[in-house]
**Student:** 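Please read through the structure below; I'll follow up with questions.
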Amino acid sequence: DENNYTIKGLHSRDANSFIRSLHGAKVSNLYLEDVKFSFSGVGAGGLAIYCDGSVVTNVHVSGKIEGATYVGGVCGNVDGSQIVNCSFMGSIVGFGIGSFGGVVGESAFSDISYCKTSGYIDSDKEGVDIGGICGKAVANDSYSYIYPRIRYCIADMKITAQGNIGGIVAQNYIQNVRREAFGDVVIKNRGLIDNYSLCVADSSMATTKGGICAAFGETSIDINNFYDRTGISGTVFGKGLSPENMKRKASFTNWDFDNVWTIQEEESTPYWRICNGKPYRVVCFSNFPGTLRITPAEKTLAEREGFEPP
């Protein structure tokens, strides 16, 4: 627990993250401002390149991150981990073919919830996967303690690429599978759940694009996702809304506006009622005024959602 400390001005041409690897770790309440990692090696992330079996909560990154293969604003590659209440604001540049995302480059069997991005993602190579939150997400089975999903996330990135572009995730292979450990029933709370995208894409360069995701598996799950249809026009997942309707509560059908979301009708897009930790800080995005009105919950987000370290 970094006690809401802020680290400013981490610049390096020889490193591509603050911490190289997290294994069975917990990192929370940390702010990394004005980072700049421009190493062209494999993997890059504002916090870490690799995140395995770890819990990352309330970590916020701003700056510029460049790297290859898998690059994320917070973590490059996550496996069996939870990334909760994190954000990235700035620019990401991906070299070569790989998976690049606003929060995570590539995610396997992991939970990405209550995260937000704002800024730019760019790659000039063909065959890349770029998403406003995550480049590529996979899970054809599940760790017993984690629901693999991307949930309650907000993406607001300008994306330029020649590959697959998704407002939330470029390739979604979080499958709706059965497990004997759970009585051979379909596991709920998986997939893409209650996210929205304000992302804008350079459609002239995109190979495949989607307002929520560009490519998906046969049993991938899409639950109540929405996107600004003037930004990315593809309709693989989710429902496209006009900019005006993105600021209306009635547009977001089946969303929980009592406990999770709130909105300034006709003035702002939805934003969260709660965030992790007490006391807490919230990164204030200039185009996201609702963050100033977030109110504390009776319990922390971790307590409400049952997030525990592996």
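Any value given below was found using the heavy atoms of this structure, including those in side chains, with hydrogens, waters and symmetry copies removed.
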**Student:** Between Asp129 and Lys136, is there a salt bridge with N-O shorter than 4.0 Å?
**Tutor:**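 No, no charged N to carboxylate O under 4.0 Å.
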**Student:** A side-chain contact here means heavy atoms from C-beta on lying under 4.5 Å apart; do Ile150 and Cys134 qualify?
**Tutor:**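 Of all side-chain heavy-atom pairs linking Cys134 with Ile150, at least one is under 4.5 Å.
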**Student:** Indicate if Leu30 and Phe88 have the same hydrophobic cluster label, given that clusters are the connected sets of ILVMFWY residues with side-chain heavy-atom separations under 4.5 angstrom.
**Tutor:**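 Yes: a chain of side-chain contacts under 4.5 Å links Leu30 to Phe88.
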**Student:** Spell out, yes or no, whether Ile133 and Tyr70 are grouped together once hydrophobic residues are joined by side-chain heavy atoms under 4.5 Å, including indirect joins.
**Tutor:**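 Not linked; separate clusters.
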**Student:** Is it possible for you to say whether Val93 and Met89 belong to one hydrophobic cluster, with membership spreading through side-chain heavy-atom contacts below 4.5 Å?
**Tutor:**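 Different hydrophobic clusters.
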**Student:** If we only count heavy atoms from C-beta on, is the Thr69 to Phe95 side-chain gap below 4.5 Å?
**Tutor:**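 Of all side-chain heavy-atom pairs linking Phe95 with Thr69, none is under 4.5 Å.
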**Student:** Please identify each residue that fulfils ring-ring contact (aromatic ring centres under 6.0 Å, His included) with Phe37, with sequence neighbours left out.
**Tutor:**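 Applying ring-ring contact (aromatic ring centres under 6.0 Å, His included) to Phe37 gives none.
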**Student:** Examine the side chains of Thr269 and Tyr196 and answer whether a donor and an acceptor come within less than 3.5 Å of each other.
**Tutor:**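 Checked: Thr269/Tyr196 side chains pair up, N/O donor to acceptor below 3.5 Å.
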**Student:** Please round to the nearest 0.5 Å and tell me the distance separating atom CD1 of Ile165 and atom SG of Cys213.
**Tutor:**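 Ile165 atom CD1 to Cys213 atom SG measures 13.0 Å (nearest 0.5 Å).
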**Student:** In sequence, state the C-alpha distance, the side-chain angles, and the governing distance for Phe100 and Glu106, and then conclude on side chain to side chain contact (heavy atoms under 4.5 Å, CB included).
**Tutor:** CA-CA 7 Å; Phe100 313 123; Glu106 188 164 320; over 6 Å; no
**Student:** So which atom in Cys153 and which in Asn195 form the shortest heavy-atom distance, rounded to 0.1 Å?
**Tutor:**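 It is N-OD1, 2.8 Å.
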**Student:** Verify the neighbour count for atom CD1 of Ile97: are there more than 12 heavy atoms of other residues, nucleotides or ligands below 6.0 Å?
**Tutor:**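 Count not over threshold, so no.
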**Student:** Between Thr117 and Gly132 (side chain of the first, backbone of the second, donor and acceptor by atom type, cut-off under 3.5 Å), is there such a pair?
**Tutor:**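 Such a contact is found between Thr117 side chain and Gly132 backbone.
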**Student:** Let me confirm one number: the OH-OG distance from Tyr227 to Ser197, rounded to the nearest 0.5 Å.
**Tutor:**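 Spacing of OH (Tyr227) from OG (Ser197) equals 9.5 Å.
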**Student:** Identify the heavy atoms of Ser123 and Val128 that sit nearest to each other, and give their distance.
**Tutor:**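 Reported closest heavy-atom pair: OG-CG1, 3.6 Å.
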**Student:** With side chain to side chain contact (heavy atoms under 4.5 Å, CB included) as the criterion, how do Asn172 and Leu192 come out once you've worked through the C-alpha distance, each side chain's angles and the decisive distance to 0.1 Å?
**Tutor:** CA-CA 8 Å; Asn172 173 37; Leu192 306 183; 3.7 Å; yes
**Student:** Which residues satisfy the side chain to side chain contact (heavy atoms under 4.5 Å, CB included) test with Val200, sequence neighbours excluded?
**Tutor:**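 Partners of Val200 under the side chain to side chain contact (heavy atoms under 4.5 Å, CB included) test: none.
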**Student:** State whether the side chain of Asn16 and the backbone N or O of Gly43 hold a donor-acceptor pair below 3.5 Å, judged by distance alone.
**Tutor:**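 A pair under 3.5 Å: yes.
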**Student:** Test your reading of the model: is there a side-chain donor-acceptor pair from Ser110 to the backbone of Ala108, 3.5 Å cut-off?
**Tutor:**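 Yes; judged by distance alone, with no hydrogens or angles, the pair exists.
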**Student:** Return the CD1 to CD1 distance between Ile212 and Ile168, rounded to the nearest 0.5 Å.
**Tutor:**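 Answer for the CD1-CD1 pair, Ile212 versus Ile168, is 5.0 Å.
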**Student:** What heavy-atom pair brings Trp261 and Arg273 nearest, and what distance separates the two atoms?
**Tutor:**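 Closest approach of Trp261 to Arg273, heavy atoms only: O-NE, 3.0 Å.
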**Student:** Indicate yes or no for a side-chain donor-acceptor contact from Ser62 to the backbone of Asp34 under 3.5 Å, with no hydrogens or angles considered.
**Tutor:**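 Such a contact is found between Ser62 side chain and Asp34 backbone.
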**Student:** Looking at every heavy atom in both Val74 and Cys86, which two are closest together, and how far apart are they?
**Tutor:**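 Smallest heavy-atom distance, with atoms named: CG2-CB, 4.2 Å.
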**Student:** Please, which pairs that meet salt bridge (charged side-chain N to carboxylate O under 4.0 Å, His left out) have at least one residue in residues 60-76, sequence neighbours excluded?
**Tutor:**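 Qualifying pairs: Lys64-Glu66.
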**Student:** Kindly compute the distance separating SG (Cys199) from OH (Tyr120), expressed to the nearest 0.5 Å.
**Tutor:**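 The OH atom of Tyr120 is 12.5 Å from SG of Cys199, to the nearest 0.5 Å.
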**Student:** Are the side chains of Val35 and Ile65 in contact, using a 4.5 Å heavy-atom criterion?
**Tutor:**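 Yes. Closest side-chain heavy atoms under 4.5 Å.
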**Student:** Which heavy atom of Cys75 sits nearest a heavy atom of Cys51, and at what distance?
**Tutor:**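 For Cys75 versus Cys51, the nearest heavy atoms are SG-CB, 4.1 Å.
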**Student:** Report yes if some heavy atom in the side chain of Thr208 is under 4.5 Å from a heavy atom in the side chain of Asn164; otherwise report no.
**Tutor:**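 Touching, per the 4.5 Å side-chain cut-off.
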**Student:** Supply the atom-to-atom distance Leu32 CG to Tyr5 OH, rounded to the nearest 0.5 angstrom.
**Tutor:**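 Between atom CG of Leu32 and atom OH of Tyr5 there are 14.5 Å.
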**Student:** Would the distance check show the side chain of Ser54 and the main-chain N or O of Lys26 forming a donor-acceptor pair, the cut-off being under 3.5 Å?
**Tutor:**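 Flag not set: sc Ser54 to bb Lys26 has no pair under 3.5 Å.
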**Student:** Roughly how far, to the nearest 0.5 Å, is CG of Asn225 from CZ of Arg151?
**Tutor:**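 Here the rounded value is 12.5 Å.
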**Student:** For the residue pair Leu10 and Lys36, establish whether any side-chain heavy-atom pair is separated by less than 4.5 Å.
**Tutor:**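 Sidechains of Lys36 and Leu10: no contact.
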**Student:** Answer yes or no: is there an ion pair linking Lys247 with Glu265, defined by an N-O contact shorter than 4.0 Å?
**Tutor:**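 Not counted as a salt bridge, because no side-chain N and carboxylate O are separated by less than 4.0 Å.
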**Student:** Step by step, work out the side chain to side chain contact (heavy atoms under 4.5 Å, CB included) result for Leu22 and Val27.
**Tutor:** CA-CA 9 Å; Leu22 297 171; Val27 179; 3.9 Å; yes
**Student:** Using side chain to side chain contact (heavy atoms under 4.5 Å, CB included), reason through Val61 and Phe18 one step at a time and then give a plain yes or no.
**Tutor:** CA-CA 11 Å; Val61 181; Phe18 174 49; over 6 Å; no
**Student:** If I compare all heavy atoms of Ser17 with all of Ile49, which pair ends up nearest, and what's the gap?
**Tutor:**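 Closest approach of Ser17 to Ile49, heavy atoms only: OG-CG1, 3.4 Å.
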**Student:** Please work out whether the ring planes of Trp255 and Phe226 are parallel, tilted or perpendicular, with thresholds of 30° and 60°.
**Tutor:**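 Trp255 vs Phe226 ring planes: perpendicular.
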**Student:** Any non-hydrogen side-chain atom of Thr230 less than 4.5 Å from a side-chain atom of Pro243?
**Tutor:**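 The answer is yes; the side chains approach within 4.5 Å.
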**Student:** How about Val84 and Val55: do any of their side-chain heavy atoms sit closer than 4.5 Å?
**Tutor:**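 No, too far: nothing below the 4.5 Å cut-off.
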**Student:** Does a side-chain heavy-atom distance below 4.5 Å link Asn224 with Ile193?
**Tutor:**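 No, side chains not in contact.
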**Student:** Shared ILVMFWY cluster between Tyr152 and Ile263, side chains joined below 4.5 angstrom?
**Tutor:**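 Same cluster: Tyr152 reaches Ile263 through Ile, Leu, Val, Met, Phe, Trp or Tyr contacts under 4.5 Å.
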